Trainee: 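Below is the structure I would like to discuss, written out as structure tokens.
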Amino acid sequence: MLSRKGLIPEEYVLTTRLVEESEPKYQAKKRRARFVAKNGTCNVAHKNIREQGRFLLDVFTTVVDLKWHYTLLIFTMSFLCTWLLFGMMWWLIAFAHGDLDVTDEGFVPCVTSVQSFTAAFLFSIEVQVTIGFGGRMITEECPMAILVLIIQNIVGLVINAIMLGCIFMKTAQAHRRAETLIFSKHAVIALRNGKLCFMFRVGDLRKSMIISATIHMQVVRKSSSLEGEVLPLTQIDIQMENPVNTNGIFLVSPLIICHTINKESPLYDISSHDLNHHEDLEIIVILEGVVETTGITTQARTSYLADEILWGERFVPIVAEEDGRYSVDYSKFGNTVKVPTPNCTARQLEEDHRNIDPHSFSPRNTIRKRNVTMKLKPKFTLFDEPS
């Protein structure tokens, strides 16, 4: 700083600059981009879409997908434009019939009290929103005015139906209900029944149930084919542990969803060491069901990267029975505890299952049991024992 101001010559600060340039600069490792964010949004940007007209073929969905300020702007402009359009038509009808310059007391206009464009605009608003103040009304003098009245009423009803339907769909969208469906921040891999299992916890904060709730899991990672083709996003389905081979769950209280890592699992060859250095692994979880109160299908999504999967840990219990009912402690929803777990892959554990005792990784094995082998004699007997 002093050298820049000219207080110290440049040759005296050369050594300091050399020291600063020789110091190693460490850069933080860039984290892998998510395919699905933790809040469920898809991290995909669509670019260079040439056929923009396809969005206009489905106007209703396009309006519903817009942001709120754009929807309210379209809602306001649709009414203003129709009021101005039909106001101009009423003014032209009055101008063609000579209602603007009325001098004869016996003259019957098409619309009473319409002698300017402002009066025609106000009459257009009264017709479309059916206010009817009583100062202006249509007469049977002009058939064209009757036809315009019918057309404006139909157009107003159509606009009301479309815009109110769009606003209702935006307020009752499925992802609003998904805000109360929560997932654990981390997933875990630990032993369950002697096998490595991938587990995470899911819960519903509302008392209203999710009907026909199902869980789908997919592994998204980069892979390549035998011909050298690079597949940046390969999606592989993984099955959750269920005796009837279905993904249905009864989500009344928080559940621990378990996936047994077997030969058909894409996690079959991943160990704890590989998990810490696996950059292309992402597990997507999709919870889908029907909202009990509205009947709308909702979907909640999340994902777990490799550094968000904890090896050798297990979720703590949060459901307890109190006063004849089950109580859930959500303060421990994502808490885990360390448990003995082998660091090898599921393949190695299956091949060496004869040499590895699964009970040796159980916490119960740490309890010391005393085996009483000495036979105790009673203090007295009814009969003499033969010698």
Side-chain angles (χ1 to χ4, degrees), residues 25-78 81 159 162-163 165-183 185-187 200 202 214-238 266-267 270 274-289 296-309:
K25 296 182 180 180
Y26 298 97
Q27 187 177 2
K29 188 177 181 180
K30 190 176 180 180
R31 193 175 185 181
R32 177 187 182 272
R34 287 181 177 273
F35 188 62
V36 176
K38 296 295 287 185
N39 59 357
T41 58
C42 297
N43 189 22
V44 178
H46 300 277
K47 298 181 179 180
N48 300 326
I49 300 178
R50 298 180 180 179
E51 299 181 0
Q52 298 287 346
R54 291 181 176 270
F55 294 99
L56 299 178
L57 298 178
D58 189 6
V59 180
F60 185 80
T61 305
T62 303
V63 174
V64 172
D65 291 339
L66 291 175
K67 295 182 179 180
W68 268 108
H69 54 275
Y70 292 118
T71 303
L72 295 178
L73 178 61
I74 295 175
F75 182 81
T76 305
M77 293 303 298
S78 61
C81 291
I159 293 176
I162 294 176
M163 298 310 301
C166 291
I167 292 178
F168 173 76
M169 290 302 297
K170 286 185 70 67
T171 55
Q173 280 183 338
H175 64 83
R176 303 296 180 186
R177 179 62 177 88
E179 296 294 335
T180 52
L181 298 174
I182 57 176
F183 300 87
K185 183 178 179 180
H186 295 89
F200 64 92
V202 61
T214 56
I215 289 284
H216 300 278
M217 292 182 287
Q218 285 187 340
V219 173
V220 178
R221 61 184 180 186
K222 183 179 180 181
S223 62
S224 59
S225 62
L226 298 177
E227 294 77 13
E229 180 184 4
V230 178
L231 305 175
L233 296 174
T234 304
Q235 302 181 13
I236 306 174
D237 292 334
I238 56 179
L267 307 177
I270 294 180
D274 298 332
L275 196 62
N276 296 330
H277 299 83
H278 211 298
E279 301 178 0
D280 297 328
L281 178 65
E282 181 178 359
I283 299 178
I284 299 174
V285 179
I286 302 173
L287 170 61
E288 188 174 359
I296 300 176
T297 302
T298 184
Q299 187 180 91
R301 300 179 294 267
T302 190
S303 67
Y304 298 99
L305 296 180
D307 57 352
E308 296 174 346
I309 303 175

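Computed from a prediction, not measured in an experiment: that's the story for all the values here. Values below: every heavy atom of this structure, side chains too, minus hydrogens, waters and symmetry copies.
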Trainee: According to ring pair (Phe, Tyr, Trp, His ring centres under 6.0 Å), who are the partners of F183, at least two apart in sequence or on a separate chain?
Mentor: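 By the ring pair (Phe, Tyr, Trp, His ring centres under 6.0 Å) rule, F183 matches no residue at all.
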Trainee: How long is the straight-line distance from CD of E288 back to CD1 of I286, given to the nearest 0.5 Å?
Mentor: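 The CD atom of E288 is 8.0 Å from CD1 of I286, to the nearest 0.5 Å.
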Trainee: Can you see which heavy atom on M217 is nearest to which on F200, and at what distance?
Mentor: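 Heavy atoms of M217 and F200 come nearest at SD-CE2, 3.3 Å.
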Trainee: Could you state the interatomic distance from CG (L281) to CD1 (I270), rounded to the nearest 0.5 Å?
Mentor: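 The distance works out to 5.0 Å.
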Trainee: Do you know the tightest heavy-atom contact between V219 and P266?
Mentor: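 Here V219 and P266 meet closest at CG2-CG, 3.6 Å.
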Trainee: Rounded to the nearest 0.5 Å, how far does CD1 of I159 lie from CZ of F75?
Mentor: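 The distance works out to 10.0 Å.
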Trainee: Can you tell me how far apart CG (L72) and CD1 (I167) are? Round to the nearest 0.5 Å.
Mentor: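 The CD1 atom of I167 is 6.5 Å from CG of L72, to the nearest 0.5 Å.
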Trainee: For I283, run the side-chain contact (heavy atoms from CB on, under 4.5 Å) check against L267, I236, V220 and tell me which one passes.
Mentor: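 Result for side-chain contact (heavy atoms from CB on, under 4.5 Å) with I283: L267.
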Trainee: Among all residues two or more places apart in sequence or in another chain, which pass the side-chain contact (heavy atoms from CB on, under 4.5 Å) test with I74?
Mentor: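 Partners of I74 under the side-chain contact (heavy atoms from CB on, under 4.5 Å) test: L66, M163.
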Trainee: How long is the gap from CD on Q218 to CG on D237, to the nearest 0.5 Å?
Mentor: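 Answer for the CD-CG pair, Q218 versus D237, is 4.5 Å.
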Trainee: Give the table of side-chain donor-acceptor pairs shorter than 3.5 Å for residues 35-49, with sequence neighbours excluded, one pair per line with atom names and distance.
Mentor:
unit_1: K38; atom_1: NZ; unit_2: K185; atom_2: O; d: 3.0
unit_1: K38; atom_1: NZ; unit_2: S303; atom_2: O; d: 3.2
unit_1: N39; atom_1: OD1; unit_2: T41; atom_2: N; d: 3.3
unit_1: N39; atom_1: OD1; unit_2: T41; atom_2: OG1; d: 3.0
unit_1: N43; atom_1: ND2; unit_2: R34; atom_2: O; d: 3.0

Trainee: Rounded to the nearest 0.5 Å, how far apart are CD of E282 and CD of E308?
Mentor: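 So the gap between those two atoms works out to 8.5 Å.
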